[in-house]
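Remarks on the structure that follows.
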There are 2 protein chains.
Amino acid sequence: MTDEAWRDQLRSRGQRVTPQREAILRALSALPHPTPESIHAALVAEEPGLSLSTVYRTLAVLQELEIVSHAHIGSGPPVYHLVERPPHIHLSCLRCGAVVSVPVESAAGFTRDVAASTGFRIDATHSAIYGVCAGCGTIGP
Amino acid sequence: MTDEAWRDQLRSRGQRVTPQREAILRALSALPHPTPESIHAALVAEEPGLSLSTVYRTLAVLQELEIVSHAHIGSGPPVYHLVERPPHIHLSCLRCGAVVSVPVESAAGFTRDVAASTGFRIDATHSAIYGVCAGCGTIGP
DNA sequence: CTGTGTGCAAACGGTTTGCAAGACT
DNA sequence: AGTCTTGCAAACCGTTTGCACACAG
């Protein structure tokens with residue numbers, strides 16, 4: 001999504017385009033798995049005085065407009081990302097906390113089977129799945 | 001797991017058996033998807049003065065001993081349960097909040113594929129997966 | 001000019017921790 | 001008796017909110 005695109009999307013929905021919102025959208029496309037805090041930390045340099053509450057409020061607005069989405073990773077803060085990116089599942093390492101992404105198609109068979117047997121329609125992009133990453137797995141059990 | 005079993009398991013690992021711990025273990029086997037708070041709420045009647053910190057500390061100990069496990073459901077508090085074989089995956093409905101369980105084998109193909117392609121070894125029992133349950137799915141999109 | 005968005009600081013809910021008193025072994 | 005566990009209260013972290021000012025439209 002280009003700068004133009006979200007500007008239009010914001011304005012057409014009665015939302016204002018502010019320097020803070022532009023900065024947050026830039027951070028969202030630049031950072032790999034940003035949390036509200038990491039977005040704030042990454043931006044205080046270029047946008048001095050940017051408050052954490054603005055980050056939270058902006059993320060809420062962008063979510064409402066379906067420009068961004070978020071996933072919960074363990075007990076920690078959620079990670080946000082632009083929706084245009086190919087949908088992916090977050091895998092969170094129980095040992096080192098690393099977050100690995102895999103395309104949703106990886107779970108296609110699983111979601112199909114569950115839907116067939118229980119009627120539950122899984123959307124695997126909204127939550128992280130735990131496990132042990134390749135690096136940590138080679139060290140111990 | 002019987003009362004005897006966890007008593008032994010606690011003592012054999014150098015942990016003490018206290019009325020509070022017994023009460024918490026009873027609550028874990030009685031309540032469907034208990035959170036630390038709901039365990040505390042359910043026990044204050046029979047164990048007056050039981051503190052929330054004790055619930056948290058006991059759950060941490062029981063987790064360490066692999067007597068209980070927990071799963072994160074959305075941004076809310078985690079739900080705990082006794083480690084049962086067969087292990088379950090928790091599916092959480094985004095509409096009504098219902099928690100549906102499916103055997104971990106449902107995801108066997110998915111976990112195998114991910115391990116093969118990324119080396120990440122998934123343990124799907126540690127996190128809830130979002131979606132829309134059968135009941136809610138029949139009403140709308 | 002109007003009303004929305006912002007910064008600040010304080011409130012909030014869930015969780016953790018320091019400490020002294022208490023209880024299990 | 002000695003050490004682990006508890007209760008209490010305060011600290012803590014991520015998030016939300018109330019308010020007055022700033023600024024996009």
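Fair warning: this is a prediction, and the values are worked out from it, not measured in the lab. Per chain, numbering begins at 1; letters A, B, ... match sequence-line order.
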*Going by number, which of residues 12-20 of chain B have a non-hydrogen atom under 4.0 Å from DNA chain D?*
B/Gln15, B/Arg16, B/Thr18, B/Gln20
*What residues in residues 27-45 of chain B put a non-hydrogen atom under 4.0 Å from any atom of DNA chain D?*
none
Quickly work out the [X] [atom1] to [N] [atom2] distance and round it to whole Å.
X       : N      : atom1 : atom2 : answer
B/Leu52 : C/dG14 : CG    : P     : 9 Å
A/His72 : C/dG14 : NE2   : P     : 15 Å
A/Tyr56 : C/dC8  : OH    : P     : 16 Å

*Does a sphere of radius 6.0 Å around CD in B/Glu64 hold more than 12 heavy atoms from other residues, nucleotides or ligands, not counting ones at 6.0 Å or beyond?*
no
Does [X] reach the main-chain N or O of [Y] with its side chain, forming a donor-acceptor pair under 3.5 Å?
X        : Y        : result
A/Ser117 : A/Asp113 : yes
B/Ser12  : B/Gln9   : yes
A/Thr58  : A/Val55  : no

*Could you pull out all residues at least two apart from B/Pro78 that satisfy side-chain contact (heavy atoms from CB on, under 4.5 Å)?*
B/His70, B/His72, B/Tyr80
*Mind checking side-chain contact (heavy atoms from CB on, under 4.5 Å) for A/Thr111 and listing every partner two or more places apart, or none if nothing turns up?*
A/Ala107, A/Ile122
Would you mind classifying the nucleic acid contact of [X] as base, sugar-phosphate or nothing, using non-hydrogen atoms under 4.0 angstrom?
X       : answer
B/Arg21 : sugar-phosphate
A/Arg11 : sugar-phosphate
A/Pro48 : nothing

*asked:* Going by ring-ring contact (aromatic ring centres under 6.0 Å, His included), name the pairs with one or both residues in residues 10-47 of chain A, residues two or more places apart or in two chains.
replied: A/His33-A/His90
*Show the numbers, then the answer: is there a side chain to side chain contact (heavy atoms under 4.5 Å, CB included) between B/Val79 and B/Val99?*
CA-CA 10 Å; B/Val79 297; B/Val99 177; 6.0 Å; no
_Taking A/Glu46 first and then A/Arg26, would you say they form a salt bridge - that is, a charged N and a carboxylate O separated by under 4.0 Å?_
yes
_Validation row: B/His81, B/His88 side chains within 4.5 angstrom (heavy atoms)_ = no
*Name the first nucleotide and the last nucleotide along DNA chain D (5' to 3') that come under 4.0 Å of a heavy atom in chain A.*
D/dG14 to D/dG25
